[in-house]
Amino acid sequence: MDANELGDLLLDVLPPDGTAMGNRSAWEALGRAAGGDITQAEYEQVRDHGLAIGTIKKGRGGAIALADDIKGGSLYQPPVAPAAKGRGRGKNGKKETPAKDFKAVLWASADKLRAQMDAAEYKHLVLGLIFLKYISDTFAARREQVLAMVSNPADSDYYLENPIDRQEALEDQDYYTQENVFWVPAEARWESLRNQAKQPDIGPLIDRALAAIENQNPNTLRDKLDKRFGAAQLEPGRLGELVDLISTIGFGEGEKSGDVLGEVYEYFLGQFASAEGKKGGQFYTPAHVVKTLVAVLAPHRGRVYDPCCGSGGMFVQSERFVESHGGRRDDISIYGQESNPTTWRLAAMNLAIRGFAVNLGQEPADTFARDQHPQDKFDYILANPPFNVSDWGGEKYDNDPRWAYGQPPAGNANTAWLQHILWKLRPGGEAGVVLANGSMSSNTSGEGQIREAMVRGDVVEAMVALPGQLFLNTPIPVCLWFLTNDKTRRGRDRRGETLFIDARQLGTMATRVQRILTDEDIAAIAATVHAWRGDGKAENAYKDVPGFCYSAKLDEIEKNSFVLTPGRYVGAADQEKDDEPFAQKMARLVAQLQEQQAEGARLDAAIAANLDRLGFGKP
């Protein structure tokens with residue numbers, strides 16, 4: 001790509017409204033848009049040429065922006081909150097403890113303040129305050145950086161000699177937006193709110209602070225923050241106590257403060273889901289289930305979509321996968337949709353605080369009725385749709401082009417979700433979907449015929465049966481559907497075959513009512529799929545393992561009436577061969593029984609003797 005093309009590309013990555021962008025941010029954005037690394041010298045050459053011919057102009061501190069009347073910004077990505085460095089003490093001098101060290105203590109304290117308030121309502125207050133505290137901390141950390149820059153005589157690009165000018169610079173919005181830090185107005189900053197925490201009108205004050213932040217960051221936060229503090233039905237003074245509690249979280253310290261925040265946020269989401277019981281499943285998919293989907297799909301690069309994204313857990317795990325395998329966060333683009341307005345806002349906050357650029361659509365909306373990404377197709381789709389929904393409005397979608405494998409029944413949305421997801425896949429795309437076990441075998445209202453058409457259409461790549469008690473909202477076992485529209489793209493040609501994995505024996509009971517899949521369990525499932533695909537991501541070649549996995553051809557599935565329950569195909573696990581002769585085994589077992597009977601008699605006698613000494617012997 002020559003210098004002129006890079007110059008045009010630089011105009012496209014700058015903010016279209018003429019606001020300034022820092023040189024490092026512009027350099028990185030240009031590199032992403034060019035599809036490769038751009039050296040600093042190359043960037044500076046392109047920048048200086050643009051300044052010379054008047055297509056771009058300089059802002060405060062050396063930042064650059066589109067010149068007046070110059071069009072651009074078609075590739076501009078709005079700012080999202082980054083991890084930021086800061087001090088370990090708040091302005092009041094109170095030590096802030098790193099959040100990851102006391103998640104459980106923090107939760108216990110917050111839950112105690114809830115008193116009788118419904119967890120479904122309370123979570124929006126707590127998570128909203130955590131979000132507000134974090135963006136205020138990152139803003140404060142950037143403010144300190146700006147003060148250091150404008151106070152340093154050795155930094156000729158930024159130094160301001162007049163102390164009044166330095167104070168004005170601290171309130172210059174360009175210094176923050178050019179480094180992708182949310183602008184926080186003075187009245188919305190955490191210390192201002194904390195100083196008023198004991199006021200009776202603290203609820204409306206927080207609502208106004210959130211509204212002010214939305215107005216100052218319209219591209220990323222408009223209508224995304226849940227302003228319900230003024231109407232909260234908490235006991236008098238409790239909201240102020242909650243503000244004080246959240247104040248102890250040190251999100252400004254350490255170079256991975258965004259990770260710390262994400263850890264706290266995810267922990268709280270899980271705890272609220274547990275507290276809400278069945279309703280919690282509407283916004284939260286257990287992380288270990290999401291990890292299983294991600295480990296199998298391995299989304300290294302491309303577009304990732306979740307049509308019913310809840311609070312955004314699928315995206316969080318996808319980003320973690322990319323980074324843990326040496327990729328960059330911006331190697332994948334995130335798209336989602338959610339119909340519940342409050343959950344949609346939860347997702348927006350959950351992703352914003354982690355610094356993710358994400359498109360959740362213009363508004364919360366029903367995926368079937370108002371697809372927020374109607375023209376888009378995706379490389380990877382991960383979804384945990386609501387199970388067996390009967391009131392999804394299926395009668396309104398007769399002859400819908402998405403129903404390539406048959407009209408879904410109006411009384412159950414399972415096959416509608418599967419077909420919508422297949423419709424949204426790019427050629428060679430992959431999908432992982434969590435559904436109730438009934439989806440593998442139900443023949444109600446044509447579901448069996450749809451399943452048959454999907455198998456004959458060769459879009460069902462793998463089926464995984466999971467154990468029960470994995471979900472907070474249902475004890476029933478669930479299954480994973482892995483779909484693709486091309487079984488030749490990853491390693492071996494697997495056309496006409498489907499992999500079945502019976503993972504019902506995996507998992508460990510974390511509590512009396514919930515089972516979790518360990519990292520070893522997840523690795524076993526993922527390695528089996530990758531070995532079967534032959535995609536180079538597994539150490540060993542694939543082989544059928546009785547009781548666990550089996551690769552079935554179309555004729556075998558047809559013989560089973562297109563029921564896709566893995567147990568029908570994997571068979572029973574091999575039993576350890578017993579070479580001990582029968583007579584010898586019986587003699588050994590009888591002798592063992594006689595020893596146990598003798599020991600039992602001895603213990604009975606000892607107990608009777610003890611009772612005699614205590615005066616409780618036989619009358």
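As a basis for the values below, the full set of heavy atoms in this structure was taken, side chains included, without hydrogen atoms, waters or symmetry mates. This one's a predicted model, so the numbers in the text were calculated from it and none came from an experiment.
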E430 and K487 ion-paired at < 4.0 Å: no

Heavy-atom closest pair, residues V460 and M463: CG1-SD, 3.8 Å

Checking the side chain of Q449 only, and the main-chain atoms of N443 only, is there a donor and an acceptor separated by less than 3.5 Å? no

Over-ring placement of K543 relative to W532, 6.0 Å and 45° cut-offs: no

Test: D379 and R303 ion pair at under 4.0 Å: no

Straight-line distance of I525 CD1 to L480 CG, nearest 0.5 Å: 7.0 Å

Hey, can you tell me if W392 and Y397 have their rings parallel, tilted or perpendicular (30° and 60° cut-offs)? parallel

Donor-acceptor pair, side chain of D521 and main chain of G507, under 3.5 angstrom: yes

Before giving the answer on salt bridge (Lys or Arg N to Asp or Glu O under 4.0 Å), spell out for R456 and E452 the whole-Å C-alpha distance, their side-chain angles and the decisive distance to 0.1 Å. CA-CA 6 Å; R456 292 192 184 279; E452 176 181 347; 2.9 Å; yes

Side chain to side chain contact (heavy atoms under 4.5 Å, CB included) with I246: which of L132, L129, L125? L129

Judged by modelled atom types alone, do S551 and E497 share a side-chain donor-acceptor pair under 3.5 Å? yes

Please lay out, stage by stage, how Q372 and Y335 fare under the test side chain to side chain donor-acceptor pair (under 3.5 Å). CA-CA 9 Å; Q372 295 291 291; Y335 298 80; over 6 Å; no

Are any side-chain N or O atoms of R402 and backbone N or O atoms of F368, one a donor and one an acceptor, separated by less than 3.5 Å? yes

Is there a donor-acceptor pair under 3.5 Å between the side chain of T484 and the backbone N or O of G429? yes

Please report the shortest heavy-atom distance between E214 and L225, naming the atom on each side. OE2-N, 2.8 Å

Tell me the closest heavy-atom pair linking A33 and V13, and the distance in Å. CB-CG1, 3.7 Å

What's the shortest heavy-atom distance between A383 and P307, and which atoms? CB-CD, 3.8 Å

Crowding at CZ, R301 (>12 non-hydrogen neighbours, <6.0 Å): no

Go through the steps to decide whether K424 and D371 satisfy the test salt bridge (Lys or Arg N to Asp or Glu O under 4.0 Å), and finish with yes or no. CA-CA 10 Å; K424 301 294 286 185; D371 185 353; 2.8 Å; yes

Donor-acceptor under 3.5 Å (N560 side chain, E556 main chain): yes

Closest heavy-atom contact between A526 and V296? CA-CG2, 4.0 Å

Would you say S442's side chain and S439's backbone share a donor-acceptor pair under 3.5 angstrom? no

Does the side chain of D544 come under 3.5 Å of the side chain of Y542 through a donor N or O and an acceptor N or O? yes

Between the side chains of D555 and K553, is the shortest nitrogen-to-carboxylate-oxygen separation below 4.0 Å, so that they form an ion pair? no

If every non-hydrogen atom of I334 is compared with every non-hydrogen atom of V358, which pair is closest and at what distance? CG2-CG2, 3.2 Å

In terms of the angle between their ring planes, are Y305 and H373 parallel, tilted or perpendicular, with boundaries placed at 30° and 60°? perpendicular

Is there side-chain contact between V434 and F387, with at least one heavy-atom pair below 4.5 Å? yes

